[in-house]
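Chain identifiers are assigned alphabetically (A, B, ...) following the order of the sequence lines, protein sequences preceding nucleic acid strands; residue numbering begins at 1 within each chain. Every heavy atom of this structure was used, including side-chain atoms; hydrogens, water molecules and symmetry mates were not. Just so it is clear, the model here is predicted, and its values are computed rather than measured.
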Number of protein chains: 2
Amino acid sequence: MSDTMAPVLVAGQWRNSNSVGSFPAENPSLGEALPGLYPVSSPTEVEECIVAGAQAAEALRNASGAAIADFLEGYAQRIEGRALEFVELAHAESGLPKAPRLKDGELPRTTDQLRQAAKAARDGSWRRPIRDEARNIYSILAPLGGPVVVIGPNNFPFAFNSAAGGDFAAAIAAHNPVIAKANTAHPGTTRLFAELALEAAMAAGLPPATVQMIYRTPREVGLKLVADPRIGATAFTGSKVAGMQLKEAADRAGKPIYLEMSSVNPIVILEGALTERGEAVATEFFASCTMGAGQFCTNPGFIIVPDSAASKAFAAAAQAKFVAATPGVLLGKSGQANLTAAVATLQQHGAKLVCGGAALPGPAYRFANTLLSVTGAEFLQHPEALQTEAFGPVALLVWSRDTGETVRILQQLEGNLTGTIYSDTTGRDDADYAVIEPHLRQRVGRLINDRMPTGVTVSAAMNHGGPFPATGHPGFTAVGLPTSIARFTALQCYDNVRPNRLPAGLRL
Amino acid sequence: MSDTMAPVLVAGQWRNSNSVGSFPAENPSLGEALPGLYPVSSPTEVEECIVAGAQAAEALRNASGAAIADFLEGYAQRIEGRALEFVELAHAESGLPKAPRLKDGELPRTTDQLRQAAKAARDGSWRRPIRDEARNIYSILAPLGGPVVVIGPNNFPFAFNSAAGGDFAAAIAAHNPVIAKANTAHPGTTRLFAELALEAAMAAGLPPATVQMIYRTPREVGLKLVADPRIGATAFTGSKVAGMQLKEAADRAGKPIYLEMSSVNPIVILEGALTERGEAVATEFFASCTMGAGQFCTNPGFIIVPDSAASKAFAAAAQAKFVAATPGVLLGKSGQANLTAAVATLQQHGAKLVCGGAALPGPAYRFANTLLSVTGAEFLQHPEALQTEAFGPVALLVWSRDTGETVRILQQLEGNLTGTIYSDTTGRDDADYAVIEPHLRQRVGRLINDRMPTGVTVSAAMNHGGPFPATGHPGFTAVGLPTSIARFTALQCYDNVRPNRLPAGLRL
């Protein structure tokens, strides 16, 4: 097996890649390559994906919502039938625990998302029809007219997988074909998803290029792909560096691109909460910051506390837990280097190391659970550098002198996915809350009270989004159905169009 | 008066501009400057606008919807009280007819838009609240957290005015302050609007910097403004060249920008319609293409007809009308040069001149009513150049050999605001319609049957938008309330937030 090159899924066919290179998957728990190789697709292969995807887009536009729903539901069922295989594969490729994380958490979440997307496709709730009968003007949300490119992250091999996750489900629900680019950290898992997706699409009578899948492209080919006039849009989740390059290419071509990039997810813990339940909050903070080796987009990485006796006790309690726990396995080797660099950047700009701070010896890729701290005044000296995201079990504590300083700190924050305020339950913190909340509110997509930001519920009311640079546009969410579907739609108006020519969703 | 420099409205004060240059308004009917000068604002002045706008944004976020509505309604009433003055001013600056265009058409439309925006602000219909009570997760659309920069076009001194038009109304309805940059073609009209806006904002108890107004900035200052992290978003209507420069600056900074740029508004006239009522369609086409001297974003500039006896008769009838009519006055001197250049580009790429084609002698700025034509095969040789927008009374006829060629022509079209199909009333064209419609549909924001695209009804179901490069994003409309308000909002989620801390729009 070790020399076998995995096939790609192009235009409905599993075939040998027209490749310009290859890479192995890696087992981060063992620090070694897994058997087999995955191809880097050539420009020609990407062109074939675009051509086939554009044809499929025309056919999917006319498919019924029921057929789309059948596909998504059949796909969810097929995934469940192979659950153990998925868990084994994803565990080997990601180092994430088989249970409860992969088997009981992420896999059911993934099939639930597919079924919620199926429901939206079936009932058409994503279409938001508007009828002005008196003037014979109608509008409706419609598919984009070209395939959606989904570039998923490394940290959720199932729930954000390019070929099965939230972006995939939302794009398909709006009748768009998907060109999935597998994440390098779990190519085998993505391949198995794509196999089942093709089967389910065929069973539902959808065009063969409804789902296509490649693993990687040369950098310039990826930039060309997201800017191609024949694609509908791109959904990207990953690092700010890669995201900004893709954004620039797509923006220049006028192509929609939805990005979920970096976020330090500020937490403000008010004095009353620390006095009332500092130890309990420290436990919550530790659990949230180190879960999944800290590799969540909503990981709490930036904690503002008053400079007080209660916060010192909170920090000491947190530190004890950070030091005592064995760090989880990172998703890949590059995680160690990235964390080392991020911690160095924080230290170079005045952060003091409280505990941890270095990669651990192998073979597994691990990084010590790490706390750093700065005073509010120090933060205000280097606000940009001290918001460097450390994607792992790492947080920066900021000691704020008073409420005014907390406000000044918040005013320096970039856009984030989440922002959290802990306050006491007797009203002691209410005055501070009222002063602080407006400054945090405008800088985050989701405002939370009294619990940590990890755990993104799949609810229609969820916002997994936020102001730049957390995402590229503050009006859209990547989680929550049918709301997340809006990203992959075009507003289409019918003016004086004869009634029998209106699309199904607008006919009376 | 002739040396008087007009004041700017910054932070609630009418004051002398801190200027780096000046320009006069111009009367295009007389081809001469109007009395007075308007300042080009310095970087310092723009910075003051941003600071004041950001403060106003915080206050407006907490203003009631009723106060916003009071402002918009009071403003509409004040405008009506000065209607004759507005009509005189705009006529002098734009050359547009006083009646019915300015007095009976555009001014009532403008106050109607303001009142529709007031209604949306009062009833909160723009907020789209989503309640997941079981899980205590709520979301709602909220203001952007910074002022909206509105850069309006030259062709609607009232209805798309930076300080009174559709973008202004939509931005204010969502509780965002506005920094209006007057169009150079009607600075005096914009100044009068801003005077009444300030009075109305004060009367409604809104912050003084709710509306600020400047006339012009150096190019690089404008690019910096739309990229400033403290602004909320930008709305731009104008040329593709200027729009793309602003888009690049805003995109790089991750700032939302909504653009309405060029559009040739393709019309497909099928054989049955030509046989049935070719003469009547020619009359409609002539009226739509030459109205307002052809300076509408939805002007029909690209007409696809079959190569047949009926279309020859249609073209001859249209040509007779184009030749016989006196062309309207262009909005400014640059209109003549731009039209001369656009017509030359079309001719260089194979278009034959049918009639017109040149600027007319002064003093008024006019351009001859102009028709050009190409065969479908010629178009397919140079599809990009032959979609050059000629912003005036100019259209290109494309003679298509058959339905297959029409489809190939449509497949080459860029994104447009509108697309229209004329078909006969007895069903003879239905088969062609079915083949052609999908290709036109995906390339336009508004699909029309059997009438010309000029005249954009203010309806909730309207889409005045479309795929790039007609606009920068296919999901938003610039006309139609409350739909157009969504551009100026951020999605904000409340997760586990205590009930008394939810915003007004989410409390039960």
### Query
Between CG of A:Asn416 and CD of A:Glu414, what distance do you get to the nearest 0.5 Å?
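Here the interatomic distance stands at 8.0 Å.
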Please look at [X] and chain A and tell me whether the side chain, the backbone, both or neither of the residue comes under 4.5 angstrom of a heavy atom of that chain.
| X | answer |
| --- | --- |
| B:Arg61 | side chain |
| B:Thr483 | side chain |
| B:His439 | side chain |
| B:Pro438 | both |
| B:Glu437 | side chain |
| B:Pro143 | backbone |
| B:Arg443 | neither |

How about [X] and [Y]: does a side-chain donor come under 3.5 Å of a side-chain acceptor?
| X | Y | answer |
| --- | --- | --- |
| A:Asp429 | A:Ser423 | no |
| B:Tyr494 | B:Asn136 | no |
| A:Asn265 | A:Thr418 | yes |

### Task
Heavy-atom distances under 4.5 Å only: say whether A:Ala253 touches chain B with side chain, backbone, both or neither.
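Backbone only.
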#### Entry: Residue part contacting chain B, namely of A:Gln492, when any heavy atom lies under 4.5 Å
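Both parts, backbone and side chain.
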Is any NZ, NE, NH1 or NH2 atom of the basic residue among [X] and [Y] found under 4.0 Å from an Asp or Glu carboxylate oxygen of the other?
| X | Y | value |
| --- | --- | --- |
| B:Lys247 | B:Asp251 | yes |
| A:Lys255 | A:Asp228 | no |
| B:Arg135 | B:Asp132 | yes |

With chain A as the partner, which of [options] has the greatest number of non-hydrogen pairs under 4.5 Å?
| options | answer |
| --- | --- |
| B:Gly475, B:Ala57, B:Ser459 | B:Ser459 |
| B:Gly472, B:Pro229, B:Ala460, B:Pro256 | B:Ala460 |
| B:Arg252, B:His464, B:Arg498, B:Arg487 | B:Arg498 |
| B:Pro474, B:Ala142, B:Ala434 | B:Pro474 |

### Query
When the aromatic ring centroids of B:Tyr258 and B:Phe476 are compared, is their separation below 6.0 Å?
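For B:Tyr258 and B:Phe476, the ring centres are under 6.0 Å apart.
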### Query
Do the side chain of B:Asp495 and the main chain of A:Leu447 share a donor and acceptor less than 3.5 angstrom apart?
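Checking the backbone N and O of A:Leu447 against the side chain of B:Asp495, no donor-acceptor pair under 3.5 Å is found.
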Among [options], which residue has the highest count of heavy-atom pairs closer than 4.5 Å to chain B?
| options | answer |
| --- | --- |
| A:Pro129, A:Pro453, A:Ser139 | A:Ser139 |
| A:Arg501, A:Gln442, A:Glu248 | A:Arg501 |
| A:Glu58, A:Met244, A:Arg451 | A:Arg451 |

### Query
With a 4.5 Å heavy-atom cut-off, do B:Thr489 and B:Leu144 have their side chains touching?
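No; the side chains remain at least 4.5 Å from each other.
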